[in-house]
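Here is the naming used below: chain letters follow the sequence lines, and residue numbers restart at 1 for every chain. Keep in mind that this is a model prediction, so the values were computed, not measured.
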Protein chains: 2
Amino acid sequence: MDLGKRKQMILQAIVEDYIATAEPVGSRNIAKNHDLGLSAATIRNEMADLEEMGYLDKPHTSAGRVPSQLGYRFYVDSLMHRYSATVEEIENLNSALHQRYVNLNSVVSVVSDIISKITKCPTVMTLPAVASAKVVNVKMLMIEENLALIVVVLDGGSVRNKKVKVSGKITYREIDAISDFLNSQLAGLGAKDIDESRIMLIYGAMGQYKDFLKVVLDFVLECLQNNITEVYVGGASNILNHPEFCDIDRARDFLRFIDNRENANKVLALTTGGDSDVKIIIGDEAGLEEMRDTSIVLANYHAGGILSGKIGVIGPTRMDYARIVSSLETINAQLETILTAVFYNEE
Amino acid sequence: MDLGKRKQMILQAIVEDYIATAEPVGSRNIAKNHDLGLSAATIRNEMADLEEMGYLDKPHTSAGRVPSQLGYRFYVDSLMHRYSATVEEIENLNSALHQRYVNLNSVVSVVSDIISKITKCPTVMTLPAVASAKVVNVKMLMIEENLALIVVVLDGGSVRNKKVKVSGKITYREIDAISDFLNSQLAGLGAKDIDESRIMLIYGAMGQYKDFLKVVLDFVLECLQNNITEVYVGGASNILNHPEFCDIDRARDFLRFIDNRENANKVLALTTGGDSDVKIIIGDEAGLEEMRDTSIVLANYHAGGILSGKIGVIGPTRMDYARIVSSLETINAQLETILTAVFYNEE
DNA sequence: GTTAGCACTCACCTTGCCTGAGTGCTAACG
DNA sequence: CGTTAGCACTCAGGCAAGGTGAGTGCTAAC
């Protein structure tokens, strides 16, 4: 079921007009606004075909046509021409991005807010995760009697800490000794390297602290497996900019959905693998009931070969795919610089 | 300009009916539903008085009356009787609160979501801040060549860290020595104690590391002055539950406002002093243009004499003050236990 | 194959009418 | 003299009828 050249041109015209106006588009308008060299009547015939083939929908008899999900899919895959950001757009973006970031957390919140502002759509973004983390340094210190602090420095530099109650008395001296020993044993290792035999070796050498060491080792492993992907939702209220969400119930359903971290994570989990390409998910392709009428533009971001994360822009299926893809690509390019800079100077 | 007993009863009836129904309330209904022993006509006369005195508004000639801001204020100050949560409500709340919290951050996000759910209103909440922080422990460690990690443990146990580039070569030995010295100098001190003379003393003893020490001291001071009040907004979409926000533009204005951290902070900054009482701010009493039609119920929370923070519930001026105040009080009572537990076992 | 023409459809807007809830005023009542 | 019943008046909101215009599908001519 191949689409002829002419049908493609007409489909493209319809999708683009509809994206621009949010109104069902009629044959007459296409004939007028696009220089296809065809009369309205001809276009009408083609539109009837396109509808039959499933690329278009009709809201009702006497309205124009609207792209169906299949129509958007074909447009995105075959018809959409890439939009290149203008010099001015890039400069605006850069000056918005150029500010003092306190930490990775703030990069994520600032960047996702910026993306929201540019795209006029809600944005979800994960905190950058450290890929295949390794232990750089483990340190313990007593901060009160019976209370120790474990500090774990990971490959790439993220630092995590945890307080641990110490039941038996452990002196400041002892904790230093344990700390140094553990560090010598664990430095450079990833989650996989800390296996049964390694743990046994540690217990063997410092059996009298076994209970305490177990807590520490568990925490180190937790840090390494670090799959706490915290997600930030920026500019959720932007969804209300779009006429398809002028119905208060629909708006509430969406906002309630996306305000929930778990759901935001589900949305971002739709990316395939670690490719840096931008992926577009239209309507129920997401398999999420609440996202039936929305599309998602997803991208992976990377920095320094160590950090990586995901960004997603959510809008109505009628969203301006070309422009949003371009925005995401432009941001992505900047993000690497910002992240590495912030990362190595993180608080 | 004193309100007679009868006028007060009628005002109270109007406010409560209006809170319950969201419809302007008429004289007839009050006569019917409240056993005031007065006829509709009498009530009508009193209502006319109340309107003249500024306690009531009239949306239009043939609608009922609606409390004015002054009316709500009088109700809240003098007429509202405290609502006591039922045993069932308290149990439900407790079981919702009873879960595993990873850290203070997650307490805040979970608790504010719960409050939102109970009150059906957006909730803003600050992370608990450490009051009058003191240094418990300062520790530095080299995590790479030329890269040191400073760990500062504060009074009460919050831990912060920062990576610092080290220009000159400093050995692991040296860093230990500096670390121990600095710790001996700073342990137990608050921001005010770290004055010029103290700093000079430190520089004097370890002059060769002055540049490095300056960075460390600055960071320690920053931790102590720690006025980064991070704020969490929970259940913003709940605002759409209220009929006064069924207008999409008003809803968007509000959501856009509250999505912005700065604004959420402004709202929470409306509390007076450190009292633990609940405060109610009605309409433009907040002095925030965007909050003209909303009210805020604010409370301070405390834990262990060390932590403190703020919670605010935002709703239409027609919100159920009695119930929301009660909910906040009930939560507040639980919060102390949860926070101290999580705090001393924080990750 | 393409196009002009025409009848038909249907959402949406406007208008007018009606209803019901509520008010304010007045006069009667205890 | 305060309270109440009665009545005329107001006004938002709902509903139906009619008009408008954008758009379609079909047919016949080019």
Side-chain angles (χ1 to χ4, degrees), chain A residues 2-11 13-18 20-68 71 243-244 246-248, chain B residues 2-11 13-15 17-18 20-68 71 243-244 246-247:
Chain A
D2 220 16
L3 281 187
K5 193 80 192 152
R6 203 167 67 177
K7 283 196 172 53
Q8 293 192 18
M9 277 166 52
I10 291 175
L11 179 57
I14 293 175
V15 173
E16 286 172 359
D17 276 19
Y18 187 59
T21 64
E23 299 285 325
V25 354
S27 51
R28 216 179 132 71
N29 273 317
I30 295 186
K32 240 191 307 181
N33 304 334
H34 299 259
D35 219 9
L36 301 183
L38 297 170
S39 79
T42 312
I43 292 171
R44 232 160 19 234
N45 290 329
E46 298 287 31
M47 279 164 87
D49 290 352
L50 282 166
E51 186 186 346
E52 205 176 342
M53 296 162 92
Y55 292 97
L56 295 178
D57 281 337
K58 221 187 336 190
H60 59 264
T61 333
S62 75
R65 301 301 210 296
V66 157
S68 68
E244 24 277 281
C246 72
D247 174 41
I248 207 87
Chain B
D2 220 16
L3 280 187
K5 191 82 194 151
R6 202 167 69 177
K7 284 198 172 52
Q8 293 191 20
M9 276 166 52
I10 291 175
L11 178 57
I14 293 175
V15 173
D17 276 18
Y18 186 59
T21 64
E23 300 285 324
V25 355
S27 51
R28 215 181 133 70
N29 274 317
I30 294 185
K32 238 191 311 182
N33 303 335
H34 299 259
D35 218 9
L36 301 182
L38 296 170
S39 79
T42 311
I43 292 172
R44 243 179 347 253
N45 289 330
E46 298 286 32
M47 280 165 88
D49 290 351
L50 283 166
E51 187 186 346
E52 205 176 341
M53 296 162 93
Y55 292 97
L56 295 179
D57 281 337
K58 218 183 345 187
H60 59 263
T61 331
S62 74
R65 301 301 210 295
V66 157
S68 68
E244 25 275 282
C246 73
D247 174 40

Using OP1 and OP2 only, check whether a side-chain N or O of [X] sits under 4.0 Å from [N].
X	N	answer
Arg65(B)	dG24(C)	yes
Thr61(A)	dT24(D)	no
Ser62(B)	dT10(D)	no
Ser39(A)	dT2(C)	no
Arg28(B)	dA5(D)	no
Lys58(A)	dG25(D)	yes

Rounded off to whole Å, could you give me the [atom1]-to-[atom2] distance for the [X] and [N] pair?
X	N	atom1	atom2	result
Ile10(B)	dG22(C)	CD1	P	15 Å
His60(B)	dC9(D)	NE2	C1'	14 Å
Met47(A)	dT24(D)	CE	P	5 Å
Ile43(A)	dT2(C)	CD1	C1'	12 Å
Asp57(A)	dT24(D)	CG	C1'	16 Å
Lys32(B)	dG22(C)	NZ	P	8 Å
Leu50(A)	dT24(D)	CG	C1'	15 Å
Arg44(A)	dG23(D)	CZ	C1'	8 Å

Completion exercise
From the list Arg65(B), Arg44(B), Lys7(B), Arg6(B), salt bridge (charged side-chain N to carboxylate O under 4.0 Å, His left out) with Asp49(B) holds only for Lys7(B)
Handout entry: Which residue lies more 5' along DNA chain C, comparing Asn45(B) with Gly64(B) via nearest heavy atoms
Key = Gly64(B)
Handout entry: Who pairs with dT27(D) - Watson-Crick or G-U, where each distance is under 3.5 Å
Key = dA4(C)
Completion exercise
The Watson-Crick or G-U wobble partner of dT20(D), with both key distances under 3.5 Å, is dA11(C)
Practice task
Indicate whether any N or O donor in one side chain lies under 3.5 Å from an N or O acceptor in the other, for Asp17(B) and His34(B).
Solution key: yes
Fill in the blank from the handout: All heavy atoms of Tyr18(A) vs all of Pro24(A), minimum pair found to be CE1-N, 3.9 Å
Handout entry: Shortest non-hydrogen contact from Leu56(A) toward Pro67(A)
Key = CD2-CA, 3.9 Å
Practice task
For Asn29(B), report the nucleic acid contact type (base, sugar-phosphate, nothing); a contact means any heavy atom under 4.0 Å.
Solution key: sugar-phosphate
Practice task
Just call it for Ala41(B): base, sugar-phosphate, or nothing, with non-hydrogen atoms closer than 4.0 Å on any strand.
Solution key: base
Practice task
List the steps and the verdict of side chain to side chain contact (heavy atoms under 4.5 Å, CB included) for Ile10(B) and Met47(B).
Solution key: CA-CA 8 Å; Ile10(B) 291 175; Met47(B) 280 165 88; 4.2 Å; yes
